[in-house]
**Q** 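Dropping a structure here in structure tokens format, bear with me for questions.
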Amino acid sequence: MTSPPLIEFRQVSKVYGEGEAAIRALDHVDLAINAHEFVAIMGPSGSGKSTAMNILGCLDVPSGGDYIFQGIPTSGFDRGQLTLLRRHMLGFVFQGFNLLSRTSAVENVELPLIYRGMAVRERRERAREALALVGLTGREHHKTQELSGGQQQRVAIARAIVTEPALLLADEPTGNLDTKTSVEIMDLMTRLNREQGITIVIVTHEPDIAAYAQRLLRFVDGKLETEVEHQRRADHVL
């Protein structure tokens with residue numbers, strides 16, 4: 001028997017506003033992403049890709065349809081249940097890193113574990129292990145301002161994976177990085193997908209970045225227009 005998708009949209013719609021001012025950001029979207037996939041989402045401004053990402057991350061809820069997570073419909077979840085789902089099952093990487101500037105790399109990474117109530121020794125060990133996975137052994141006690149942009153994004157990725165999430169969501173993860181550093185970050189995310197089995201979904205406007213994914217979802221005017229599977233770029237460099 002085949003396993004069900006890790007995440008699934010079933011006729012998901014999202015409408016902002018009412019009456020003539022209503023804006024339909026998503027229009028009856030169906031999609032499915034399996035565990036261990038690496039998927040890129042693209043589309044022009046206003047296409048619905050950011051709205052789709054917000055719903056995938058339980059930062060917003062559909063106006064219609066259902067978001068299924070590990071076979072469980074989330075439509076009946078209250079705010080507290082959605083918060084718990086984010087805390088225990090999801091990891092987030094943002095374009096702007098969103099690190100605490102006056103704290104060390106290891107302190108930034110262990111922050112999600114503090115929210116879980118994990119003991120100091122265990123969370124510090126987990127944070128060190130996550131930093132090692134992203135190639136920052138030896139940088140654990142460097143403050144954010146002492147790190148390059150690429151290193152800061154590695155810290156952000158380590159923070160996102162320290163909780164061992166079922167799904168890693170990355171919103172324009174290379175948007176603030178130069179070309180060389182962007183390649184390094186995408187190579188890292190590809191390795192995390194392949195070697196750690198982390199399911200990754202990224203939103204990007206850059207075709208070169210989307211090429212690292214196994215599959216591309218393209219949104220236009222609130223609809224999922226195309227799904228393309230391709231030989232991802234990293235296959236030629238790893």
**Q** Side chains of Leu99 and Arg159: closer than 4.5 Å at any heavy-atom pair?
**A** yes

**Q** Given side chains that start at C-beta, do those of Asp27 and Arg24 come closer than 4.5 Å, heavy atoms only?
**A** yes

**Q** Run the side chain to side chain contact (heavy atoms under 4.5 Å, CB included) check on Arg86 and Leu59 step by step: do they pass?
**A** CA-CA 8 Å; Arg86 286 196 304 271; Leu59 301 170; 3.7 Å; yes

**Q** Less than 3.5 Å apart, any donor N or O on the side chain of Glu107 or Ser104 sitting next to an acceptor on the other?
**A** yes

**Q** CD1 of Ile41 to CD1 of Ile33: how many Å apart, nearest 0.5 Å?
**A**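 Ile41 atom CD1 to Ile33 atom CD1 measures 6.0 Å (nearest 0.5 Å).
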
**Q** If you group Ile, Leu, Val, Met, Phe, Trp and Tyr by side-chain heavy-atom gaps below 4.5 Å, do Leu31 and Leu6 land in one group?
**A** yes

**Q** Is Thr137 close to Leu131 at the side-chain level, that is, under 4.5 Å between some pair of heavy atoms?
**A**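 They are not in side-chain contact.
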
**Q** Please determine, by modelled atom types, if Asp30 and Gln11 share a side-chain donor-acceptor pair under 3.5 angstrom.
**A**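 Present: a donor and an acceptor within the cut-off.
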
**Q** Is there a side-chain contact between Leu100 and Thr144, using heavy atoms and a 4.5 Å cut-off?
**A** no

**Q** Side chain to side chain contact (heavy atoms under 4.5 Å, CB included), that's the test. Do Phe77 and Val61 meet it? Break it down for me.
**A** CA-CA 10 Å; Phe77 285 14; Val61 296; over 6 Å; no

**Q** Parallel, tilted or perpendicular: which one describes the rings of Phe92 and Phe94, with boundaries at 30° and 60°?
**A** parallel

**Q** Should Val106 and Arg128 count as side-chain neighbours, where that means a heavy-atom distance under 4.5 Å?
**A** yes

**Q** Please say whether the positively charged group of Lys14, taken as NZ for Lys or CZ for Arg, lies over the ring of Tyr16, i.e. under 6.0 angstrom from the six-membered ring centre and within 45 degrees of the axis.
**A**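 Geometry flag: set, cation within 6.0 Å and 45°.
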
**Q** Is any NZ, NE, NH1 or NH2 atom of the basic residue among Glu125 and Arg123 found under 4.0 Å from an Asp or Glu carboxylate oxygen of the other?
**A**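 Salt bridge absent between Glu125 and Arg123.
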
**Q** Are any of the side-chain heavy atoms of Leu188 and Leu133 separated by less than 4.5 Å?
**A**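 A side-chain contact under 4.5 Å is absent here.
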
**Q** Does the separation of the ring centres of Tyr67 and Phe9 fall below 6.0 angstrom?
**A** yes

**Q** Tell me, with the steps shown, if Thr181 and Asp178 meet side chain to side chain donor-acceptor pair (under 3.5 Å).
**A** CA-CA 5 Å; Thr181 307; Asp178 60 43; 2.8 Å; yes

**Q** Enter the distance from Met89:CE to Thr199:OG1 here, rounded to the nearest 0.5 Å.
**A**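 One finds 10.0 Å between CE of Met89 and OG1 of Thr199.
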
**Q** Could you tell me which non-hydrogen atom of Pro5 sits nearest to which non-hydrogen atom of Ala32, and how far apart they are?
**A**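 The pair with the smallest heavy-atom distance is CG-CB, 3.8 Å.
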
**Q** From Ile161 CD1 over to Ile157 CD1, what is the distance, rounded to the nearest 0.5 angstrom?
**A**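 Going from the CD1 atom of Ile161 to the CD1 atom of Ile157 covers 8.0 Å.
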
**Q** Do Met186 and Met189 come within less than 4.5 Å of each other through their side chains, counting heavy atoms only?
**A**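 Met186 vs Met189: side chains touch.
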
**Q** Using side-chain contact (heavy atoms from CB on, under 4.5 Å) as the criterion, point out the one residue from Val203, Leu56, Ile202 that pairs with Leu169.
**A**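 With Leu169 as partner, Val203, Leu56, Ile202 yield a single side-chain contact (heavy atoms from CB on, under 4.5 Å), made by Leu56.
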
**Q** Going from OG on Ser47 to CG on Asp221, what distance comes out if it is rounded to the nearest 0.5 angstrom?
**A** 8.0 Å

**Q** Can a donor-acceptor pair be found, under 3.5 Å and without considering hydrogens, that links the side chain of Arg215 to the backbone of Ala40?
**A**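 Flag not set: sc Arg215 to bb Ala40 has no pair under 3.5 Å.
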
**Q** Honestly curious: do Leu167 and Val134 fall in one hydrophobic cluster under the side-chain, below-4.5 Å linking rule?
**A**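 In one cluster: no.
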
**Q** Could you give the distance from CD (Gln145) to CD (Gln152), rounded to the nearest 0.5 Å?
**A**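 Between Gln145 CD and Gln152 CD, I get 8.5 Å after rounding to 0.5 Å.
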
**Q** Could you check whether any side-chain heavy atom of Leu177 comes within less than 4.5 Å of a side-chain heavy atom of Phe97, counting everything from C-beta outward?
**A**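 Yes, their side chains come closer than 4.5 Å.
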
**Q** Measure across Cys58 and Leu85 and return the closest heavy-atom pair with its distance rounded to 0.1 Å.
**A** SG-CD2, 3.7 Å

**Q** Below 4.0 angstrom, N of the basic side chain to O of the carboxylate: do Asp66 and Arg10 qualify?
**A**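 Arg10 and Asp66: not salt-bridged.
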
**Q** NE2 of His88 to OH of Tyr115: how many Å apart, nearest 0.5 Å?
**A**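 It is 13.5 Å, given to the nearest 0.5 Å.
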
**Q** Indicate whether the side chain of Thr190 and that of Asp187 have a donor and an acceptor atom separated by less than 3.5 Å.
**A**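 Note: Thr190 and Asp187 side chains miss the donor-acceptor criterion.
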
**Q** Charged N to carboxylate O below 4.0 Å: is that the case for Glu110 and Arg126?
**A**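 Arg126 and Glu110: not salt-bridged.
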
**Q** Following the transitive rule for hydrophobic clusters with a side-chain heavy-atom cut-off under 4.5 Å over Ile, Leu, Val, Met, Phe, Trp and Tyr, establish whether Ile185 and Leu136 coincide in one cluster.
**A** yes

